[in-house]
2 protein chains.
Amino acid sequence: MDVHLRDLRYFVAVAEELSFTRAAAERLSISQPALSKQIRQLETRLRTELFDRSDGTVSLTAAGEALLPHARKMLAEWADAAASVGEAAAASQQTVWIGLHTRAGHALVHAVAADVEARLPGWRAEFRQVGGTDPAAGLADGGVDVAIAWLPVPGGAGLSARVITTEDRWVSLPAGHRLAGRTTIVFADLHDEPFIALPAAAGPMREFWLALDQRGSPPVVAGEAATAEELFDAVAAGIGIALLSEGNTDVYRRDDVVHRRVVDLPPCELAALWRSGDRRSAVRVVVDACERAAAGRAPDQHE
Amino acid sequence: MDVHLRDLRYFVAVAEELSFTRAAAERLSISQPALSKQIRQLETRLRTELFDRSDGTVSLTAAGEALLPHARKMLAEWADAAASVGEAAAASQQTVWIGLHTRAGHALVHAVAADVEARLPGWRAEFRQVGGTDPAAGLADGGVDVAIAWLPVPGGAGLSARVITTEDRWVSLPAGHRLAGRTTIVFADLHDEPFIALPAAAGPMREFWLALDQRGSPPVVAGEAATAEELFDAVAAGIGIALLSEGNTDVYRRDDVVHRRVVDLPPCELAALWRSGDRRSAVRVVVDACERAAAGRAPDQHE
DNA sequence: CGGTGGCCTAACCTCCGGCAATGGACGTGC
DNA sequence: GCACGTCCATTGCCGGAGGTTAGGCCACCG
């Protein structure tokens, strides 16, 4: 009778991809049998077939066509609902949640928190680490009011961004790597190296940190890592190399890994993001605070 | 991240009742701990409290107030979606689903089926038995296009009805009951008898078959039964008595139970119901067919 | 004709959602 | 003041849902 919104998400994914395998792997990060089973179950619940899989290809039935707009609308409605709830909770608790897509230094966190407190007396800023695979860094489902993340952010529809700093991209190498002794490294040196990539679910972020734009041929992906720890463990083990931002070379310093500047890569941009429709003053204050903190200035006490 | 629509239904129930215990028992037919756990889980997912249970009473928090309209909208949207899908499926399969709230005789079923087939060449009428506790007899979630049910039907908002027959109400007694030998029975004779009632979830239907309108004091409810078999087993066992429609006295004839007319009760009405917004010709044809079949006339071949 | 791609089925594992019983906080009546 | 009733939370348990991997069937293609 009722339905799980997840099932509708699955349905929309298949309807848009017109392929179970691709929808499962590339958009939903589940196995294809799991997806097939869920769709079957949805069809059973509705007592009708939603897809025609007869002729080797997948297409929507009339019933599927009827469901699709409703499913999209319900998913959008839930995003709205979660955002509304988050805003109401923030207002009554006087708390702003900030999601960190990368591990920012404690300096930035503290500066932002202090600045918010100074400009919004009685309010607090809370920080939450969000996984790199979360498409909108926790903004979409309302759990986070402002996100600090590297551009590009996948699923960025409906999000606004302000770049708060730009940094050069460096490369992380195992300690004994042939390039570890070089003083200057250009991307051509790395072109054929095996890379540790972000999970496929990260979408454009994965492509950016593989420097796909700078390549003529597909990269060699030797492994995937969802967290920074996994990433540098893989680098240290010699499985592959990876790009990172200059600021993170300090944060993730370790003995078995060396970081070197790549001189000819376009820099990466750290941005503060918020929901475009979110016009609360608290959000604007936080974004401003992020910008000031990233600029290295302390919150200006009496400008 | 995603949410189960059931949880939103639970939330709306508690928000409207402002009581966990009542919402669980009277509206959702689940236990109170299950409801509490689900609401807690929803709150955890949204990372905020939806209800304030601190001062012995239950009230909505600001976040709860923010969620309520969205939740209602999503539930309505899903009802729409299910109806749309059902209509699309019916159109492409040329099938009309008819839900039976009570066990109608095969005569009625066959007459309707034949009539539909005669007037909508290529179409079929399929019948499904729906439980008495289903608020809208399967109409709400689109699984059924036309329902045949006794009035009043709970949750009847958005439904249209046409009365297709009226019948006197009789009473079902165990074989040796003191009233079994009486020729005429008035409701006053039954007033203090223990009754077998429909489950509380049946709402106004339960009240109607307890003849609540004809009483000055609350009825004695000796037990509940969800199916006809349970009901007459309970009557035969002497646990209590129950009202039924005249037509059903034939359908449910058995040795250990006797049926007697109650001469002074208002009759009951059997109706064909459909979704008010559903203007498909197939639905109209079926409703007409129900009316003709109930009137005892065969489908008019060449009127 | 064998390889490949794509969906389905089967077996299994984990965790969620339900129930029953119990506990604790608070208001109420004698 | 104390026993009691009411109502929500907690605990322990069980069945089913949702996920995984492994393997099968079928169409297409070189």
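Throughout, protein chains are lettered first and strands after them, A, B, ... in sequence-line order, and every chain is numbered starting at 1.
- Partners of B/E65 according to the salt bridge (charged side-chain N to carboxylate O under 4.0 Å, His left out) rule, which considers only residues two or more places apart in sequence or in another chain, do not exist here.
- Toward the 5′ end of DNA chain D lies the nearest nucleotide of A/H4, the other residue of the pair A/H4 and A/S54 mapping further downstream.
- The nucleotide range of DNA chain C contacted by chain B, defined by atoms under 4.0 angstrom from heavy atoms of the protein and reported 5' to 3', is C/dG17 to C/dA21.
- With sequence neighbours excluded, the residues forming a side-chain contact (heavy atoms from CB on, under 4.5 Å) with A/A90 are A/D145, A/R280, listed by chain and number.
- A/S19 comes within 4.0 angstrom of the backbone, heavy atoms only, and of no base.
- Looking at residues two or more places apart in sequence or on another chain, you find no ring-ring contact (aromatic ring centres under 6.0 Å, His included) involving A/F195.
- Within the 4.0 angstrom heavy-atom criterion, base atoms lie near A/S31.
- When the ring-ring contact (aromatic ring centres under 6.0 Å, His included) test is applied to B/F51, the partners found at least two apart in sequence or on another chain are B/F11, B/F20.
- Applying the salt bridge (charged side-chain N to carboxylate O under 4.0 Å, His left out) rule to B/R128 yields no partners; only residues at least two apart in sequence or on another chain are considered.
- If you take CG on A/L231 and CG on A/L198, they are separated by 7.5 Å, rounding to the nearest 0.5 Å.
- B/D52 is linked by a side-chain contact (heavy atoms from CB on, under 4.5 Å) to B/S54, B/S59, B/T61, counting only residues two or more places apart in sequence or in another chain.
- Toward the 5′ end of DNA chain C lies the nearest nucleotide of A/P33, the other residue of the pair A/P33 and B/K37 mapping further downstream.
- With sequence neighbours excluded, the residues that form a ring-ring contact (aromatic ring centres under 6.0 Å, His included) with A/H4 are B/H4.
- Along DNA chain D, the stretch of nucleotides lying under 4.0 Å from any heavy atom of chain B spans, 5' to 3', D/dC7 to D/dT10.
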Side chains of residues 74-84 of chain B: which donor-acceptor partners sit under 3.5 Å, not counting sequence neighbours?
unit_1: B/E77; atom_1: OE1; unit_2: A/K73; atom_2: NZ; d: 3.4
unit_1: B/W78; atom_1: NE1; unit_2: A/M1; atom_2: O; d: 3.0
unit_1: B/S84; atom_1: OG; unit_2: B/D80; atom_2: O; d: 3.1

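- Applying the side-chain hydrogen bond (donor to acceptor under 3.5 Å, both in side chains) rule to A/Q38 yields the partners A/D7; only residues at least two apart in sequence or on another chain are considered.
- Listed in residue order, the members of residues 6-14 of chain A having a heavy atom less than 4.0 Å from DNA chain C come to none.
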